[in-house]
Every structure is written in C-alpha cells, then in structure tokens.
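Here's the structure, in structure tokens; my notes come after.
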Amino acid sequence: MAKSRIIIDCDPGVDDAIALLLAFASPDEIEIVGITTVIGNVSLPLTTRNALRITAMAGRQDIPVHAGCSRPIILPRVQRGASVHGTDGLGDLGISDATHEAESQHAVDFIIDTILREPGEITLCPIGPMTNIALALIKEPSIAEKIKAIVFMGGAAFTPGNTATDAEFNIWIDPHAAQVVLSSGIPMTMFGLDATRHATLTKARFDQLERDASPIMQTAIAIMRHYGSGDASLHDPCVTAFLIDPTLFRGVDAVIEVECDQAGAYGRTRAVENGNGRPVHVITEVDDERLFQLIDQRLRLL
Ligand code: RIB
Ligand code: CA
C-alpha cells in the first residue's frame, strides 16, 4: 500500500497524543507533512503546547506544528470544567515543555498552501473539531477536488453520542464546520463512536503495555491511564491505525447529516436514507484485539 501523506488536525488531548505517537512509530506507512491544532479538549494555546510537547517527546521536532482556530465558526465553545483529558489536556503529568515553537503561518493557510502545492497527494486527518478544515474549504474552495481524502474521528452514525445532546464531542463543539466538511464531496472515511467505542483500554491491555515498557512508552501509558479514568476508548488512534492497516476495520457507505439547530439535538450526526450529497464510508466494525496489538507493537518502536 502506498504511504499516506497526511496533515493531522488535532486537539491534544490524551487520545490525540496516542494517535500522533502511533503515526510517528509508522514511517513506512505514514508521512506526517504537518500537524495543525484547534480548540477542543482544551483551549488552543494548550492544544498547540501539547502538540509541541508530543513531537518533542518523540524527537520529531522536524514536523511543523501550525496553530489554528481558537473558537468554533458560529457558537463560542461552551466552557466545561477540567476536561477528561486533565487541566493541561495531557493528564496533568508534568510532561516537559518543548523547546521549539509552532510555525508562524496559521493552520488554515498551511492546509490551503500544502493542498495547492501537492494536489491529489494529501490526506487530511481531523481528530478534533473540524473548524480549521471548514475554514480552509471556505477560504479556498478549489482545494476540495485537490484533497486526496479525509479520514476523521467524529460523530456517530447509528449509535448514541457522548455529549448532552446525543452528539459526539468533536462535532458538538463545531457542527457548522462539520456540515461544511461533510457536504464538500471529498472522499471521506468516518471513525465515529460506532467504531471507536470498541477501542477500549482494559486492565489486561494496560498490563500488557506495561511489560518491558521503554520510558516513552511509560509516558504514553501514563497518558492513557489518565484517559482510562474517564472515557476509556482510544478514539483518535483508530484514524492512524486505519492508515497503517485498513483490514482492522469494516464499514458501510451512508450519507451523514448534522443537526445545527441549537433548539434541537445540537451537533448530533445521523446516517440518513436517500440523503443529499456524497456518502461517507462509515466504519462500524473494529477488530479491537488486533488494533490493540498494533498499538502495543508500534509504541514499542519509539
Ligand atoms: O469524542 C471523542 C473525541 O473527542 C476525541 O477526538 C477526543 O480527543 C475528543 O476530542
Ligand atoms: Ca481529539
């Protein structure tokens, strides 16, 4: 399978961190052209700080980090208490700060420039709210047919959400952005809660990860352990794992609609029969044991 050349758009975030580490550990399958950050699990300054900390932790300061949008397109982010990801977004573990900084170019402009420079080459991998991707499509509509594909974590097609309005968090933060992206006609693979809820962290799996763990692996485990105290599903790493081994997953094609009415189930996504627009490939089945073994095997390579 040809190597995937990707931009990861993220809101690290504990599971975002594992998704990034998994990608770093898989250079034969994935080339990360850049990392862009967005508000989501925590504020933009913190998601950007965390993306820099994770690249530094893995010795991948060569990968540029571009900060993006600090709020959703329409409604300001609803302030919540400390995220399930901790106050700092990475489990409050005191992980060292990076010595390098984010690039000066805004994430939206980085996405546009990269796609225009390499048409048909780049896969976008949003694993947080889709604000940056939507604004790139609005600012430069011509990139839509130049994006190779979008593989994203967000939404739920056939199963309940994980927020108060039965929405999934990434979409709930910015449903208007999701609507722009989902209606773009770009080939898309969706890792919604239908799939990612199966990627769970059990005690037995933690015990296996702990065996002969390297220092960086121990840090990854500590990050995951924090997550395990809240939502024990490794949502975002499903996106990276798909690019490494798509046989871990199966899905169906469906048109996905997003609820943007604040008076309704704000942010909820659903697969609709006879909907308008291009169907999305919705992942519905995960071989979670093989997925976990892949994560264990690859994190040991870091
Ligand atoms: O609902 C799960 C998603 O919300 C994940 O991307 C997690 O990082 C949070 O952003
Ligand atoms: Ca995320």
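One-based numbering, in listed order, for ligands and for the atoms of each.
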Other ILVMFWY residues reachable from Val255 by side-chain steps of under 4.5 Å: Val272
Should the proximity of Asp16 to ligand 1, defined as any heavy atom under 4.0 Å, be assigned to the side chain, the backbone, both, or neither? side chain
Filtering His85, Glu168, Arg197 for the heavy atom nearest atom 1 (O) of ligand 1 leaves Glu168
Restricting to N, O or S, what is the name of the atom of Asp236 that lies nearest the Ca ion (ligand 2)? OD2
Decide whether an N or O pair under 3.5 Å exists between Asp236 and ligand 1. yes
The Ca ion (ligand 2) - name of the N/O/S atom of Asp11 that sits closest to it: OD1
What's the verdict on salt bridge (Lys or Arg N to Asp or Glu O under 4.0 Å) for Glu259 and Arg268, showing C-alpha distance, side-chain angles and the deciding distance? CA-CA 5 Å; Glu259 174 60 71; Arg268 188 176 64 182; 5.6 Å; no
Short side-chain donor-acceptor distance under 3.5 Å, Arg278 and Ser184: no
Given 3.5 Å as the limit, does a donor-acceptor pair link the side chain of Arg60 with the main chain of Thr55, or not? no
Taking backbone and side chain together, does Asp16 place any N/O/S atom at a distance below 3.0 Å from the Ca ion (ligand 2)? yes
So that I can check it, does any N, O or S atom in Ile127 come closer than 3.0 Å to the Ca ion (ligand 2)? yes
Which ligand 1 atoms, with their elements, are less than 4.0 angstrom from a heavy-atom of Asp15? 5 (C), 6 (O), 7 (C), 8 (O)
Examine the side chains of Asn276 and Glu257 and answer whether a donor and an acceptor come within less than 3.5 Å of each other. no
Among Asp16, Asn170, Asp15, the one residue meeting side-chain hydrogen bond (donor to acceptor under 3.5 Å, both in side chains) with Asn41: Asp16
Between His281 and Asp253, is there a side-chain donor-acceptor contact under 3.5 Å, judged purely by atom types and distance? yes
Should the proximity of Ile127 to ligand 1, defined as any heavy atom under 4.0 Å, be assigned to the side chain, the backbone, both, or neither? backbone
Any idea which part of Val14 is under 4.0 Å from ligand 1, heavy-atom wise: side chain, backbone, both or neither? neither
